[in-house]
Amino acid sequence: MLDRKFLRENRELVTAAVAAKRDTVDVGAYYSADGERRACLQEFEELQAEANRANKAIAAGRKSGADTGADIARMKEISVRLKDLRQQADAAEAAAETLYLRLPNVPHASVRTGGEQDNTVVRTWGEIPAPAFAVKPHWDLGAELGIMDLEAAARMSGSGFTLLTGQGARLERALINFMLDVHLEQGYVEVNAPYLVNRDAMTGTGQLPKMEEDMYACPLDGLYLIPTAEVSVTNMHRQSTLDWERLPLKYVAFSPCFRREAGAAGKDTRGLLRVHQFHKVEMVQFVRPGTSYETLETLTDDAEEILRRLGLPYRVVALASGDLSFAAAKCYDLEAWAAGVGKWLEVSSCSNFEDFQARRAGIRAKGPDGAVFVHTLNGSGLALPRVLVAILENYQTPDGRVRVPEVLRPYLGGLEHLG
RNA sequence: GGAGAGGUUGCCGAGUGGCUUAAGGCGCACGCCUGCUAAGCGUGUGUGGGGAAACUCACCGAGGGUUCGAAUCCCUCCCUCUCCGCCA
């Protein structure tokens, strides 16, 4: 979330930012709720101060043995009014808070204002393959090779779930290990964090309250399944003060990700393109404010490194304001080319949240100018299903097999071909 | 799941209804002193909210309650530790 004082002093900017993000939250309602909140608070606090003074008078009177009857009667009267004012103030606070949590982050100045069509390709790497044979989409190829059984997955869980078998399952595991190893080389610390988290954690990173419908939940326990390891890794340090000298902290985590994809029905639904449960390797960094935009570039490059080593052609897309997520100030998507479906597939999102998440989650560091909120960033490195798609489709051979990228062979016992 | 013990402002830790604006210690910062990184002395040192400011309010795991008044009494819940049970 944004600083309350910043909000108060930058009403126009915030209103414009919400519009640029295509967010539907009622900004005006927030401002009037906040005004109401402050008015109520002031009234309540004045009376509270009076009660505190009266209380001291009673204490002093008792000590000296004076008659406190009149003071107590007065306290009684104040106490009744106080209860009333507190209720009012609590209600006003809650109303303002609800809207406060729904206000999105403000896009960085370098972000283009506009919708998805205004996203811009920043750079492209590799050659788009032009095979001389008809490349099969991964859903056909996967079934033929016996490494994928989507029908079986649908029978037990419904559409949008995957089942990898044999070399398919092994290939994914190889990719996970490969990705983790590369990020370890890059200086990240590997962590294994919970896949179920509470409401506070989800609110801390900004998934809640806005994305409630997109999340799987266990209502009996008040827990949610993480849509990305970003949630658990960022919340590692919630409500704590980090050591300034040890920043930046760089973490990498492998985790399953659970997404209801409400409202996305009918879009990219075939095969592995959009699924309710998938695996992902995620990088998260906690950095000093002022360094986060340099870090966004290096973090993005750390993710690109995976694609380069795998030999997958990709492009880097700078998202326009309307395509940015709720909490992000700036974001690059990495898109890998998939020859079978003939599309660029989003395999990573690298975002800078500035202090938006840190303020929500209470993550500080004591710098030279006192305690400040750190900046948080994260990026996929990478999401598995679509990388699997790109490999199956780009590395296809005319005889219907798949060549294994060199860097993965050590992870597969030297295997050179699938099938 | 059962029994017990706990959760206090960075850490340790005092504190069973008003004299707590939470003692004291440690750590940390600044200064003093000392002829040289020790000892000693002094001062300061949490977070959040409101206010232009002076200043003020809240926060003792969370939420309710009792009371004129709650860190302190009562209830519910959460977490940690020990033991037992169950279990991948």
Side-chain angles (χ1 to χ4, degrees), chain A residues 1-10 30-101 103 192-204 218-224 232 235-247 249 256 286 355-374:
Chain A
M1 58 202 168
L2 299 160
D3 180 55
R4 282 202 168 102
K5 280 190 179 131
F6 173 85
L7 285 167
R8 218 168 296 150
E9 290 159 9
N10 297 279
Y30 166 74
Y31 279 100
S32 51
D34 185 56
E36 175 72 11
R37 164 183 157 270
R38 279 181 295 147
C40 285
L41 215 54
Q42 217 158 33
E43 205 183 339
F44 165 71
E45 285 184 358
E46 270 166 31
L47 194 62
Q48 181 68 255
E50 199 183 332
N52 286 345
R53 283 192 295 272
N55 192 38
K56 270 179 194 161
I58 294 171
R62 286 216 150 189
K63 200 176 166 190
S64 67
D67 177 35
T68 56
D71 288 323
I72 287 181
R74 201 170 127 63
M75 260 298 258
K76 267 187 186 169
E77 179 205 323
I78 292 174
S79 184
V80 171
R81 277 199 292 149
L82 205 53
K83 201 168 260 181
D84 204 45
L85 281 179
R86 193 171 81 173
Q87 265 173 12
Q88 269 183 46
D90 284 352
E93 172 80 44
E97 184 73 8
T98 301
L99 287 158
Y100 185 41
L101 286 171
L103 294 177
N192 246 324
Y195 304 148
L196 286 162
V197 301
N198 62 31
R199 223 185 142 78
D200 286 344
M202 280 295 185
T203 307
C218 307
L220 284 181
D221 303 290
L223 294 172
Y224 295 81
S232 13
N235 277 287
M236 273 171 71
H237 295 304
R238 75 174 284 106
Q239 299 298 329
S240 49
T241 303
L242 304 176
D243 185 349
W244 180 263
E245 295 306 323
R246 291 184 56 198
L247 297 179
L249 297 178
F286 300 81
D355 63 6
F356 190 85
Q357 292 182 326
R359 183 174 289 105
R360 285 185 164 232
I363 307 168
R364 300 182 176 80
K366 254 177 213 155
D369 305 318
V372 293
F373 290 112
V374 301

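To find a chain, count down the sequence lines: A is the first, B the second, and so on, and within it residues start at 1.
Annotation: B:U72 and B:C81 have their C1' atoms spaced 24 Å apart (nearest Å). Going from the P atom of B:A23 to that of B:U43 covers 15 Å, rounded to whole Å. With both ends at atom P, the span from B:C74 to B:G7 equals 15 Å, rounded to whole Å. Comparing B:U8 with B:U67, their C1' atoms are spaced 23 Å from each other, to the whole Å. Comparing B:U66 with B:G49, their P atoms sit 30 Å apart, to the nearest whole Å. Here, B:C30 and B:C79 have their P atoms 42 Å apart, quoted to the whole Å. Rounded to whole Å, the P atom of B:G2 lies 44 Å from the corresponding atom of B:G50. For B:G17 and B:G69, the C1' atoms lie 8 Å apart once the distance is rounded to whole Å.
Nucleotide B:A71: unpaired (no Watson-Crick or G-U wobble partner with both distances less than 3.5 Å). The pairing partner recorded for B:C19 is none, the criterion being a Watson-Crick or G-U wobble arrangement whose two distances lie under 3.5 angstrom. Across all strands shown, B:G40 forms a Watson-Crick or G-U wobble pair, both distances under 3.5 Å, with B:C32. When both pairing distances are held under 3.5 Å, B:U82 makes a Watson-Crick or G-U pair with B:A3. B:A62: Watson-Crick or G-U partner is B:U76, with both key distances under 3.5 Å. In a base pair of the Watson-Crick type (N1 to N3 plus N6-O4 or O6-N4) or a G-U wobble (N1-O2 and O6-N3), with each distance short of 3.5 Å, B:G27 is matched with B:U45.
Using a 4.5 Å heavy-atom threshold, the side chains of A:Glu50 and A:Arg74 count as touching. When side chains are defined from C-beta on, A:Arg4 does not count as touching A:Arg38, because their heavy atoms never get closer than 4.5 Å. The closest side-chain heavy-atom distance from A:Leu101 to A:Arg360 is below 4.5 Å. In this structure the side chain of A:Met236 never reaches within 4.5 angstrom of the side chain of A:Leu249, judged on heavy atoms. Between A:Met1 and A:Leu103 the shortest side-chain heavy-atom distance does not fall below 4.5 Å.
Judged by distance alone, the side chain of A:Ser232 and the main-chain N or O of A:Tyr195 form no donor-acceptor pair under 3.5 Å.
Considering only side-chain atoms of A:Lys83, the nucleotide from B:G69, B:U66, B:G50 that sits closest is B:U66. The side chain of A:Arg37 lies closest to B:G49 when the candidates are B:G51, B:U47, B:G49.
Residues A:Arg238 and A:Ala201 come closest through the heavy atom pair NH1-CA, 3.9 Å. Pairing each heavy atom of A:Tyr31 with each of A:Arg8, the nearest pair is CE2-CA, 4.2 Å. The nearest pair of heavy atoms linking A:Ala365 to A:Thr241 is CA-CG2, 4.1 Å.
In this structure, CD of A:Glu77 is placed 13 Å from P of B:G69, rounded to the nearest angstrom. One atom, CG of A:Leu41, and another, P of B:G48, lie 16 Å apart when rounded to the nearest Å. Rounded to an integer number of Å, the gap from A:Glu9 CD to B:G51 P is 10 Å. In this structure, A:Arg86 places its CZ atom 15 Å from C1' of B:C68, rounding to the nearest Å. One atom, CG of A:Asp243, and another, P of B:C11, lie 15 Å apart when rounded to the nearest Å. B:G64 atom P lies 11 Å from atom CD of A:Gln87, rounded to whole Å. Rounded to whole Å, atom P of B:C79 lies 13 Å from atom CG of A:Asp200. Counting to the nearest Å, the P atom of B:C78 and the CG atom of A:Asp221 are 10 Å from each other.
The pair A:Glu43-A:Arg81 does not meet the salt-bridge criterion, since no charged nitrogen lies less than 4.0 angstrom from a carboxylate oxygen.
Of the side-chain N and O atoms in A:Arg8, one or more sit less than 4.0 angstrom from OP1 or OP2 of B:G50. In this structure, A:Arg38 does not reach the B:G49 phosphate: none of its side-chain N or O atoms is under 4.0 Å from OP1 or OP2. At B:U67, none of the side-chain N or O atoms of A:Ser79 fall inside 4.0 Å of OP1 or OP2 (strictly under the cut-off).
The aromatic rings of A:Tyr100 and A:Tyr30 lie parallel to each other, with less than 30° between the two planes, well short of the 60° mark.
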Nucleotides 53-58 of chain B: which of its N/O atoms have a protein N/O under 3.5 Å away?
from	atom 1	to	atom 2	distance (Å)
B:C57	OP1	A:Asn52	ND2	3.1
B:A58	OP1	A:Gln48	OE1	3.4

N/O contacts under 3.5 Å, protein versus nucleotides 15-19 of chain B?
from	atom 1	to	atom 2	distance (Å)
B:G18	O6	A:Arg62	NH2	3.4
B:G18	N2	A:Asn55	OD1	2.4
B:G18	N3	A:Asn55	OD1	3.2

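With sequence neighbours excluded, no residue forms a ring pair (Phe, Tyr, Trp, His ring centres under 6.0 Å) with A:Tyr224.
Note on A:Arg74: nothing from the nucleic acid sits closer than 4.0 angstrom, heavy atoms only.
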